[in-house]
Each structure stands twice: as C-alpha cells, then as structure tokens.
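Beneath this line is the structure, given in structure tokens, with notes to follow.
Labels below follow one simple rule: chain letters A, B, ... track the order of the sequence lines, proteins then strands, and each chain is numbered from 1.
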Amino acid sequence: MDYINIFIKSIFVDNMIFAFFLGMCSYLAVSKTVKTSAGMGIAVTFVLLITVPINYLLNKYFLAEGALAWISPSLAEVDLSFLSLIMFIAVIAAIVQMVEMIVEKFSPSLYNSLGIFLPLIAVNCAVMSGSLFMQERGYQNIGEATVFALGSGVGWFIAIVAIAAIREKLRYSHIPPALRGVGITFIITGLMGLAFMSFMGFKL
Amino acid sequence: MKNFDLIKLPFNKNNPITVQVLGVCSCLAVTAQLKPAVVMSLSVIVVVVLANLIVSLLRNTIPPRIRIIVQLVVVSTLVVLVDQVLKAYVYDVSKQLSVFVGLIITNCIVMGRLEAFAMVQKPWSSFLDGIGNGLGYSVILIALGFTRELFGSGTLWGYPVMERLGLYNIGYENNGLMIMPPMALILTGLIIWWQRSRNKDLQES
C-alpha cells in the first residue's frame, strides 16, 4: 500500500469518529467552541503521531510472536502479545504527561482552556485505538504506521472542528428543551456519520 | 437506604451514558447485535466493579501526582484477564468485539468512576457504585442491541424472529439503516430526549 492511500483512507473512510465512534467523550465535552476544539484536535493528533510509531517499534521488536528472535534464536517462539495492552497504555500515559508539561510551559492559555481534558487524552479511546488498529491491521513498516497515525489525527481534528462550528450556530435555533445540549449533538453526529459513510459506499 | 441509592440512581437520574455521557464509544460500536452487547456489558461490569474495589482499597497509599498511571495499571491488568477469558471461552464473540475489549481500559466509565468515586469513598460503597454504574451502562447497551438487531437483521440472539412471525410474506423488509453505526448515535439521542422530557431537572438551558 502506498502512503497517500493510507493517509486519505484513515482521514475519510476510516474516520475515528464517524466510522468507529472513538474518542466520543472528549468529542462531546470539548466541542462547545471552535477555538478550544481546534486546540484539542491538535493535541490529539500530536499524541497519536508520537505514540503510534513508538508502539509500532515495541510491537515489532518485543511483543509480536517471534519478535524476540533478534536477541537470540532460542527466544524465537516467545509470544508476548498478551502484554501489548499494558505496554501501549503505559507509553501513552507517559507521553501524555510530557505533552501536558510542555503545553503548560509554552501556552498557559491553551492549558487553561483544555483543563481536565488534557490529562484525559491518556484515556481518549482514539489514541489507544490508534495503537490497537495499528497492531491489528499489520502495517508493513514504521512509515506506514506514522502516516496512519497522522491521518487518524487529522480526521479526528476535522470531525471535532466541524461539530463545534455547528454547535456554535445551534445556539440560535429553537430546539425542544429536552433535546438541547447532548441530545441534539448525538443526533447531528449520527447524521454527519451518514454523510461520511458515502466515502465507502452504502450497502443497505 | 443510601447504599440502595448507589445502585438505583445510575439507572435513571445518573445514568453513565445518557446523563454523565461517559463510555459512549463502546456503547455505539458493539450494539449492532444483541450477543456482543451482552458480552460487552458483562465484561464492563466485571472490570468496573473490581477496579472500583481495588482502587478504593489502595486509595490512601496512591500519591496524587501519579494516580492516573496507577489506575491505568489496575484497570489494564483486569482487562487483560477478561480478554484472555473471552478468547478462551467465546472466541467468535471475542473476534467480533475486536479492539473494543482492549478499549475497556480507556472506557471513560471506568476511569470516571475511579476518579470521581473510588478515590474518595470506602471500599463497600465503591463496590456498590461499580455494580450500579455497570448495570446502568448495560441497560442502555442491551436496549440498543435489542432494537438494532430486531429491526436491522430481523433476528434476536441469532434466532430469526421476523421470519418465524411470517412478516416477510406480507411485504416486511429489514431496515438496513439500523445496523449501520450512525443509527446507534441517533437512537441514543432519542433515548436521551425521552429521558429528559420525563425528568425536567436534567434539561440543559
């Protein structure tokens, strides 16, 4: 597979939000204004872009079946893949802690507006599933894994900025009181998901 | 009475999905059929109850600065156990759930309850809170799974209900839209709408 193919596919066809509904918690909670949601989107893209390649190397040289063969041939049959969940989440938690410190130092205003959701990127499903999908789909080399991470991040960014723009306009419309806030956001995301499905074609 | 509230409130006024808006990702992805939805519910109940209990027992010894990593280690150990059990006993469902079992680690319900409840409450209350929230999550999951499988593929737990009722002979068609993921979002939106129109105090201004 070539890089452009993977990039476009992970943005539109396999969009994290509209095709798999991953990272919905922060997507629903941070998407009140375009400005904060753009900051959140960039932070998620950045974390994905660092953690997926690191986890790719971990998976290839330590965790997958037969991956330890480079140490000595006697280890060629060891399969540590059941440890991958713990390893991946440890890498992600450490990177997120670092990103938090960097953002706090260089952009205190962004840090304040993201609030609790910055540390919560660690438990953002989109980040974790970036690593898990990478493992499941078996990308050939680290370049493909990186391009996949970038594409997923950009797809998540587009999705959250789009819903934030719609929610800013929704403030001026008449919605039934019981549907205001979360309810209407769910339904609109569903409709946007239908629109995004046209990239892979409907099959009813 | 207070202990009873811990189990009762998550069903309605404090439901993890429709009110706290936590754990939405998995709720939408695994509900195309009833069976994966039930297996997923059971897994989440086990993980959230045990994680709540363990973290609550450890709460006085966890340093606040590294609490997220400690919680993640507890949760991911439990999830690895659940994952291995599922692979051993219900392999086909485990394949169908794919990455979503692993994603229980990052399921916001588990982390949210640990942060908001288990870190500050006694073990027994945390245990009950875990049961209540796990069940509250399951109710929504099973309702979605039931509706989507019945109207989407005309079966329930693989049993062809619509065919046995003879509805196809009088021109009934399955609604293919129901099995597609966006419909799960729209159905959840409708559940929220129904719930909030009954409970005025949940409405947002």
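- Pairing each heavy atom of Gly193(A) with each of Pro182(B), the nearest pair is C-CG, 3.8 Å.
- A heavy-atom distance below 4.5 Å is found between the side chains of Leu194(A) and Met180(B).
- Taking chain B as the reference chain and counting heavy-atom pairs below 4.5 Å, the highest number among Val182(A), Val127(A), Leu28(A), Thr189(A) is found for Val182(A).
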Val73(B) and Ile86(A): side chain to side chain contact (heavy atoms under 4.5 Å, CB included), yes or no, with the steps?
CA-CA 7 Å; Val73(B) 169; Ile86(A) 294 187; 5.7 Å; no

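- In this structure, the portion of Ala19(A) lying under 4.5 Å from any heavy atom of chain B is its backbone and not its side chain.
- Proximity to chain A (any heavy atom under 4.5 Å) is shown, for Gln195(B), by neither the backbone nor the side chain.
- Within 6.0 Å of the CH2 atom in Trp194(B), the count of heavy atoms belonging to other residues, nucleotides or ligands does not exceed 12.
- Within a 6.0 Å radius of CZ in Phe117(B), more than 12 heavy atoms belonging to other residues, nucleotides or ligands are found.
- Nearest heavy-atom pair across Ala93(A) and Leu72(B) is CB-CD1, 3.9 Å.
- Atoms CG and CZ, on Leu185(B) and Phe18(A) in that order, are 9.0 Å from each other to the nearest 0.5 Å.
- For CE of Met178(B), the number of neighbouring non-hydrogen atoms (other residues, nucleotides, ligands) closer than 6.0 Å is greater than 12.
- How far CE of Met128(A) is from OG of Ser76(B): 8.0 Å, rounded to the nearest 0.5 Å.
- When heavy atoms are compared at a cutoff of 4.5 Å, Ile187(A) approaches chain B by way of both its backbone and its side chain.
- The CZ atom of Phe186(A) lies 12.0 Å from the CD1 atom of Ile186(B); values are rounded to the nearest 0.5 Å.
- When all heavy atoms are compared, the tightest approach of Ala178(A) to Arg196(B) is O-CB, 3.5 Å.
- Between the CD1 atom in Ile175(A) and the CH2 atom in Trp193(B) there is a gap of 11.0 Å [rounded to 0.5 Å].
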